[in-house]
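Below is one structure; the comments refer to it alone.
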Amino acid sequence: MNINELREHLCSEYPDLCPLFSVEFGDGSLTVAAERLYSAASDMRDLGFDRLGMVTAVDRGETFELVYRVTSREMRAGIFLKAEVPREDPHIKSLCDLWPAANWHEREVYDMFGIVFDGHPDLRRILLTDDWVGYPLRKDYEDERMIRRPDYI
Amino acid sequence: MTEELVVNIGPSHPSTHGVCRMVTTLDGEIVRHVEVVIGHLHRGIEKMAENRTYLQVVPLTDRLDYVGSMYANWAYCRAVERLAGIRVPERAEYLRVIVCELQRIASHMMSVGPAGADVGATTAFMYTFAQREQVVDLFEQLCGARLTYNYVRPGGVSMDVPEGWVDNVRAFCRSHPSAMAEVDRFLFGNVIARQRMKGIGVLAPEDAVAWGASGPVARGSGVSWDLRRDDSYSVYPRLDFDIPLGSNGDCYDRARVRLWEAIESCRIIEQALDQIEPGPVMAEAVPRLITPRPGEAYDHIEGARGSLGVYLVSDGTPRPYRMKVRSPAFCNLALVPMLAEGHTLSDLVVILGSLDPVFGEVDR
Amino acid sequence: MALIDDLGKALDSSPGGSVILTSVDAIMDWSRGKSLWTMPMGTACCAMELIAASFSKFDFDRHGTIPRADPRHTDVMVVAGTITYKMAPAVQRLYDQMPDPKWVIAMGNCAVSGGIFYYDTYSVVRGVDEFLPVDVYIAGCPPRPEALQDAIFQLRKKVDSESVAPGRVRDVEYVLPLPGDPRAGDRIQALRDGGGRK
């Protein structure tokens, strides 16, 4: 299914989500408010997007942009779900009860960005040690053990 | 019901296939609960990429999945090409397919062999490793490196094939299927190996989908999902190949799917070698300092462990703003607690091996 | 090892004991050097080459370097791969479990200095020598199995120079003179004079 068919399919099923749909570099993405993310994800799952490929976040300065990739085997397509959470006290509802795959992905995002997933069954650090201070993939992360590479170019 | 015993396996243990720690709660010999502790090889590659130019990130991607370096190279390069709008010459696409299928053989040999070693059949490892060494030799002739190739670059591949290489590949593809048939006979036909692997760690197809499993782990459960066919990229639409599927979703099926994929790869390589035509191997005018316009791109390929994706965010500078690697091994490894529950401790090792985790990619 | 240490000390201090000591040293070092069982501390990419080294085609076992996963059976730890801050305590603990005398080979750039993971990363230990005494360094990313083979031979030379008497070093010629060795100057001069490759 190409991106235009996907858009039509989405718009016919969920007209309210249609204006939030955008296409960039051939990938469709659906940007929703943080409160609506869970219901949008649930709708996507009902639409046939049965796999959660990845969860990640991007540090956008004042906010964190959460990026979820959901794919459908039946439609042979994948789209991004995006939501922004504030930098101060970032919270979002966990998708663990929709897709169990979200478990480790959300733990990783918590580990790297410090975004708290409400309703996550076991929200702990996954890659770093439990006593680690700070969230490394934030742009303002500082660590005395981290040596910045000199700017050759 | 006996008193519960907590056994810690790893992080340095020969059966964990890397640096993985498993905190296992046992009832006698039966595993009641496993907690997988990862991150012992977390090297912060995603953070490092933010302070390197697009071209300088390619060597880092080599070190992600060190058993199959070409895949991460290719997935990353595809994302960069999508961001920067680079068109890759056809010969380069064919070469990428050929090296990646060779890499699939090399990588699966590192999984089928240990699958035998995990159940006590160490001989199988010797046979598969000999096959792997042949592929590694081919790569060495091609780009000079045995393990970290840095061969696929944004815009094409780093160099054309040396003289005589194609003949060597053809010779290997002729001999490989018979070697695999031999392994199939003495490992998967062996009654002890069958008893140790059949019915162990059964993964239901709906669980495989819900947990985001991909690659041979999902296909072992009968989930027919292969990006080479289902989200076809590069020159794969022109090639004819089968996708082996398992039926039971146990360790036996997962390992055997890999064995058959390694044979199918030979078919793909032979077709690609027939179709490839002379031409440039690098797109023209790829700048040293690739500066894409702001935006974000995602691209994925079918790696040896499943769908390997790279998500790149550009802010218009020569350095990526954010790079995220969607690693299949990470998703597959999350299945261990579910699969191992109720099996014996010795089966835990087999289950972990059948998921074929590579910790460079799991931890990144 | 206490008995051997005492024996060495006693021989070293007694008149004429050094003659016996030399023979004892020769036997001890020969037997130690010829069966350097390795503890394969493979964490990352270099572990693949470490595995390749002990399989057919390279076949290390013929040099007596049998890989054993149990630290209590081994003499030399081959640290192959990146060591992170999360992994370092485990490596240290395994090293502590190895019986004396023990040696460490740092295989690959990551174990030598952090290598490609030196800059911009927050979790990588910059070289295993930050917490373990390393005897032989192998450069390469990853080094070829032959390089590991060479490292075993280099280590054997070092083992040959050790004496059972504490503080005593047997006079063994290294492949390259150690820094500060007065012979180093002569050798470099000889190379300059055309003693090397013509």
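Quantities reported herein were computed from a predicted structural model and do not represent experimental measurements. As a basis for the values below, the full set of heavy atoms in this structure was taken, side chains included, without hydrogen atoms, waters or symmetry mates.
The OG1 atom of A:Thr56 sits 11.0 Å away from the CE atom of B:Met323 when rounded to the nearest 0.5 Å.
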Requested in this report: Please step through side chain to side chain contact (heavy atoms under 4.5 Å, CB included) for the pair B:Gln56 and A:Arg149, ending with a clear verdict.
Outcome: CA-CA 12 Å; B:Gln56 286 168 342; A:Arg149 183 166 163 274; 3.1 Å; yes
Report task. Go through the steps to decide whether B:Lys324 and A:Met54 satisfy the test side chain to side chain contact (heavy atoms under 4.5 Å, CB included), and finish with yes or no. Result -> CA-CA 9 Å; B:Lys324 155 81 186 171; A:Met54 68 166 193; 3.8 Å; yes
**Report entry** Verdict with reasoning, B:Ser224 to A:Arg73, per side-chain hydrogen bond (donor to acceptor under 3.5 Å, both in side chains)
**Finding:** CA-CA 9 Å; B:Ser224 180; A:Arg73 282 188 297 144; over 6 Å; no
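Counting non-hydrogen atoms of neighbouring residues, nucleotides and ligands closer than 6.0 angstrom, the CZ atom of A:Arg148 exceeds 12 such neighbours.
In this structure, B:Tyr321 contributes its side chain and A:Asp59 its backbone to a donor-acceptor pair below 3.5 Å. A donor-acceptor pair under 3.5 Å links the side-chain atoms of A:Arg51 to the main chain of B:Ala213, judged by distance alone.
For B:Ser307, the part sitting under 4.5 Å from any heavy atom of chain A is the side chain, from C-beta outward, and nothing else. The contact between B:Leu83 and chain A is made by backbone and side chain atoms together, counting heavy-atom distances below 4.5 Å. Contacts between A:Ile126 and chain B at a heavy-atom distance below 4.5 Å involve backbone atoms as well as side-chain atoms. Only the backbone of A:Ala57 comes within less than 4.5 Å of a heavy atom in chain B; its side chain stays farther off. Of the two parts of A:Val67, only the side chain, counted from C-beta on, holds a non-hydrogen atom closer than 4.5 Å to a non-hydrogen atom of chain B. For B:Asp231, no part lies near chain A; criterion is any non-hydrogen pair under 4.5 Å. Only the side chain of B:Val313 comes within less than 4.5 Å of a heavy atom of chain A; its backbone N, CA, C and O stay farther away. Residue contact with chain B, scored on non-hydrogen atoms closer than 4.5 Å, involves the side chain of A:Arg124 exclusively. With a threshold of 4.5 angstrom between heavy atoms, B:Lys47 approaches chain A through its backbone and through its side chain. Contacts between B:Glu296 and chain A at a heavy-atom distance below 4.5 Å involve backbone atoms as well as side-chain atoms. For a residue to count as touching a neighbouring chain, one of its non-hydrogen atoms must lie under 4.5 Å from one of that chain's; by this rule A:Pro100 touches chain B with backbone and side chain alike. Proximity to chain B (any heavy atom under 4.5 Å) is shown, for A:Arg125, by neither the backbone nor the side chain. Using a 4.5 Å cut-off between heavy atoms, B:Leu333 touches chain A through backbone and side chain atoms alike.
Shortest non-hydrogen contact noted between B:Cys331 and A:Gly53 is SG-O, 4.2 Å.
Each of B:Val37, B:Val362, B:Asp363 was compared with A:Leu127 under the side-chain contact (heavy atoms from CB on, under 4.5 Å) criterion, and only B:Asp363 meets it.
Looking at heavy atoms from C-beta onward, B:Arg364 lies in side-chain contact with A:Glu108 at the 4.5 angstrom threshold. Under the 4.5 Å side-chain criterion, counting only non-hydrogen atoms from C-beta, B:Val209 is not in contact with A:Trp99.
Between A:Phe80 and B:Tyr311, the ring-plane angle classifies as tilted under the 30° and 60° cut-offs.
No salt bridge links A:Glu65 with B:Arg322; every basic N to acidic carboxylate O contact stays at or beyond 4.0 Å.
Between chain B and the residues A:His105, A:Lys139, A:Met146, A:Arg45, the largest count of heavy-atom pairs under 4.5 Å involves A:Lys139.
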